[in-house]
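Each ligand, and each atom within it, is numbered from 1 in the order the structure gives.
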Amino acid sequence: MTIPTLLSEQLTETLRTILGEALPSEFKAAVTPSQDLRFGDYQSNAAMMLAKQAKMNPRALATQVIENFGDSEIATLEIAGPGFINFRIKPAYFAERTARMLTDDRLGVSLVQEPKTIVIDFSAPNVAKPMHVGHIRSTIIGDTLGRLARFMGHKVITDNHIGDWGTQFGMILWGWKNILDQNELEKDPIEALLNVYKEVNSRCKEDESLLPLCKEELVKLQGGDAENLEIWQKCIAVTKIGLEKIYSQLDITFDYWLGESAYNDALAPLVDDLVKKGIARESDGAICVFSDGFHKPQNDPFLVQKDGEWVPVPAIIRKADGGFLYATTDLATLDYRTENFNADAIWYVVGAPQEKHFKQIFDIERMRGVSGDFRHVAFGSILGKDRRPFKTRSGDTVSLQDVIDEAVTRATAVVEAKSPDMPAEEKAAVAKTVGIGAIKFAELSQNRMSDYIFDWEKMLALTGDTAPYLQNSYVRVRSIFRKIDGEFTAPKSLTISENAEINLARLLVRFGEVVPATLDDCRPNLLAAYLYELAKAFHSFYEACPVLKSEGAVRETRLALCELTARVLKKGMGLFGINMPERM
Ligand code: ARG
């Protein structure tokens with residue numbers, strides 16, 4: 001159990017002794033980390049809240065709490081301001097906790113009590129359409145959520161819902177038959193398909209007769225034409241090979257690749273069912289879902305305000321020409337995941353512009369009586385230094401492969417400057433770890449809802465909240481252990497007394513609180529900020545407290561704190577899919 005949970009339980013019990021029946025039976029006193037250490041490690045406003053309801057003096061209630069709390073081995077309590085209760089954790093308790101962490105593989109992170117089956121839908125690029133920079137965000141955030149949820153004990157299913165059945169195939173099919181360069185296709189399939197798509201797209205703009213020809217190809221594909229189906233399958237196969245190449249460099253894998261086309265056969269029956277149940281109806285020849293009036297207009301995803309009035313924005317699930325849409329596929333996908341995977345939760349890591357789409361999908365599920373932890377894990381855009389969408393000099397979207405290559409090149413220079421004598425092979429491996437780590441950490445340290453500026457210098461700097469800084473901190477800790485004689489053996493108990501030791505122990509112990517909170521909110525930046533704080537606390541500790549030159553129990557304790565710092569940094573970064581080099 002984490003420290004705030006323990007304190008909360010004890011505090012709730014104390015309040016029950018004082019207030020008796022007056023305390024609501026389900027009441028749980030909130031205990032949160034203090035913003036400022038001058039007010040202790042944790043604080044609670046429970047006395048203030050309850051006193052207000054009971055028309056008591058809040059400071060008087062807080063005083064009673066402190067008198068009744070008893071002699072705690074965990075913390076000393078004090079009143080602050082109008083009736084806050086502050087908890088200062090005793091150094092001996094930090095020592096006990098850190099000693100326990102030394103023999104715990106999970107480093108103080110408890111498994112969830114009720115594991116869920118969570119499907120994580122992320123990355124999901126569209127075949128032969130430019131893989132926009134937004135995919136960096138979805139791909140890296142989604143992978144991290146999967147790692148976090150697995151570590152917490154959930155059953156996780158990662159699914160790459162690639163866009164393999166869009167209208168773009170009309171143009172690709174025509175292009176494949178008329179302008180594709182087979183050589184280029186073999187060299188770089190994704191690039192070749194992308195070029196075909198771009199070329200046909202621009203030709204369509206100049207030549208009006210071309211678009212109908214592309215549409216014809218699409219209709220043939222949808223009608224099951226053998227030749228077109230074969231080309232379509234080849235397109236998907238080469239795209240997958242190209243994507244796998246990128247994912248493997250990023251150390252990212254998927255349990256499934258159930259693209260949009262996997263649901264083709266489920267779409268017609270789904271629409272029929274929604275019509276039969278009265279959830280969808282015909283409008284101008286199309287089949288649509290309108291608001292059922294369940295929500296207040298301002299929360300209703302099927303309404304928008306126009307000139308002071310609420311007007312309907314239905315979800316179209318079948319066009320007048322019989323074609324199905326993105327929304328139809330997502331409804332069928334959700335059915336599949338709840339039925340076949342028994343998913344309790346489905347998390348969609350998709351950019352903020354699709355907010356309305358997901359609100360509508362989840363609301364249609366409510367109308368159908370399907371419930372679950374369905375979340376749109378949204379994110380903002382990646383910007384260039386000019387604060388406009390991140391593009392190449394010539395204005396093209398930047399391919400993920402180019403980003404990876406540049407990161408590794410730049411990281412090579414960093415490693416070169418730091419360790420010119422490192423063997424070439426090791427240098428290359430470290431540069432890869434540092435470069436890819438830098439991209440990932442730059443992403444994960446952002447609040448996902450904000451736009452952020454893609455800044456090479458900043459993300460590869462050896463100072464500040466960057467992967468190289470954290471990796472270098474890890475390397476420094478590890479180097480201490482290369483200087484001791486023999487193996488490090490963990491002591492049974494620690495003696496913590498110096499301020500810098502207390503600070504470091506406080507942060508180490510907090511790992512068990514931060515990891516679950518990061519997953520609950522789907523906010524990797526919480527863990528990123530924590531790891532940065534931990535590394536800084538380590539450096540302050542290392543400056544203030546000699547490790548190798550100390551002796552006896554002090555030395556044992558300090559070495560143990562170093563050991564735990566290394567383990568937590570490595571585990572924490574591992575949850576981001578970032579490796580730690582042993583030297584750099
Ligand atoms: N292919 C889509 C796009 O690039 C993302 C798909 C996200 N997942 C989903 N189930 N809709 O915008």
Side-chain angles (χ1 to χ4, degrees), residues 118-146 156-169 171-172 190 193-194 197-198 201 232 235-236 239-240 242-243 246-247 252 254-264 266-267 270 289 301 315-317 324-341 343 345-365 370 372-382 389-390 397-400 448 522:
I118 306 177
V119 174
I120 305 184
D121 176 322
F122 69 101
S123 201
N126 295 329
V127 173
K129 273 196 187 169
M131 191 159 162
H132 50 87
V133 249
H135 287 106
I136 291 186
R137 303 207 73 173
S138 172
T139 305
I140 294 173
I141 297 172
D143 176 61
T144 290
L145 295 179
V156 173
I157 297 174
T158 53
D159 186 8
N160 198 359
H161 189 68
I162 56 171
D164 59 359
W165 193 256
T167 46
Q168 77 264 36
F169 279 102
M171 289 186 195
I172 296 167
I190 293 199
L193 285 180
L194 181 58
Y197 176 74
K198 278 194 196 157
N201 209 357
W232 168 74
C235 286
I236 294 174
T239 300
K240 275 195 188 167
L243 289 172
I246 289 184
Y247 292 136
I252 288 175
F254 294 90
D255 299 316
Y256 293 91
W257 287 64
L258 292 168
E260 292 178 13
S261 70
Y263 304 96
N264 283 350
L267 305 181
L270 175 87
V289 179
I316 306 173
I317 55 172
F324 300 105
L325 295 102
Y326 185 52
T328 330
T329 310
D330 256 327
L331 291 167
T333 308
L334 195 145
D335 279 353
Y336 183 86
R337 290 168 175 169
T338 45
E339 285 160 21
N340 293 273
F341 294 148
I346 309 177
W347 297 351
Y348 300 82
V349 190
V350 184
Q354 292 191 31
E355 183 185 349
K356 197 185 91 200
H357 166 76
F358 285 107
K359 282 199 169 146
Q360 290 191 335
I361 296 293
F362 301 160
D363 211 37
I364 295 172
E365 295 303 331
V370 180
D373 172 8
F374 306 140
R375 296 189 200 177
H376 174 204
V377 181
F379 52 80
S381 319
I382 299 184
F390 185 55
T397 14
V398 185
S399 86
L400 200 41
R448 62 178 160 76
C522 295

**Q** Mind checking whether Trp257 and Phe254 have parallel, tilted or perpendicular rings, split at 30° and 60°?
**A** perpendicular
**Q** Quick check: Gln354 and ligand 1, any N/O pair under 3.5 Å apart?
**A** yes
**Q** Going from CG on Leu334 to OG1 on Thr329, what distance comes out if it is rounded to the nearest 0.5 angstrom?
**A** 12.5 Å
**Q** Give the contacting part of Ile162 toward ligand 1: side chain, backbone, both or neither, where contact means a heavy-atom distance below 4.0 Å.
**A** neither
**Q** Decide whether an N or O pair under 3.5 Å exists between Asp330 and ligand 1.
**A** yes
**Q** As an exercise, identify every atom of ligand 1 less than 4.0 angstrom from a heavy atom of Val350.
**A** 7 (C)
**Q** Does Glu260, backbone or side chain, put an N or O under 3.5 Å from an N or O of ligand 1?
**A** no
**Q** For atom 4 (O) of ligand 1, which of Asn126, Val119, Asn160, Ile346 has the closest heavy atom?
**A** Asn126
**Q** How about Tyr348 and Phe374: are their ring centres within less than 6.0 Å of each other?
**A** no
**Q** Tyr348 heavy atoms, cut-off 4.0 Å: which ligand 1 atoms fall inside?
**A** 10 (N)
**Q** Going from CG on Leu243 to CD1 on Ile190, what distance comes out if it is rounded to the nearest 0.5 angstrom?
**A** 4.0 Å
**Q** Select one of side chain, backbone, both or neither to describe which atoms of Phe122 lie under 4.0 Å from any atom of ligand 1, heavy atoms only.
**A** neither
**Q** For a 4.5 angstrom cut-off between non-hydrogen side-chain atoms, does Phe122 reach Ile252?
**A** yes
**Q** For Tyr263 and His161: C-alpha separation, side-chain torsions, deciding distance, then whether side-chain contact (heavy atoms from CB on, under 4.5 Å) applies.
**A** CA-CA 11 Å; Tyr263 304 96; His161 189 68; 3.7 Å; yes
**Q** Show me which atoms of ligand 1 lie under 4.0 Å from any heavy atom of His161.
**A** 8 (N), 9 (C), 10 (N)
**Q** Return yes or no for this condition: an N or O of Tyr326 is under 3.5 Å from an N or O of ligand 1.
**A** yes
**Q** Testing Asp121, Asp255, Asp330 for salt bridge (charged side-chain N to carboxylate O under 4.0 Å, His left out) with Arg337, which one passes?
**A** Asp121
**Q** Could you say whether the N/O atoms of Ala124 and ligand 1 ever approach to under 3.5 Å?
**A** yes
**Q** Below 30° counts as parallel, above 60° as perpendicular, anything between as tilted: where do the rings of Phe341 and Tyr336 land?
**A** perpendicular
**Q** Could you list the atoms of ligand 1 found under 4.0 angstrom from a heavy atom of Asp121?
**A** 7 (C), 8 (N), 9 (C), 10 (N)
**Q** Just by modelled atom types, is the Ser123 backbone N or O under 3.5 Å from a matching donor or acceptor in the Asn160 side chain?
**A** no
**Q** Is there a heavy atom of Thr333 sitting under 4.0 angstrom from any atom of ligand 1?
**A** no
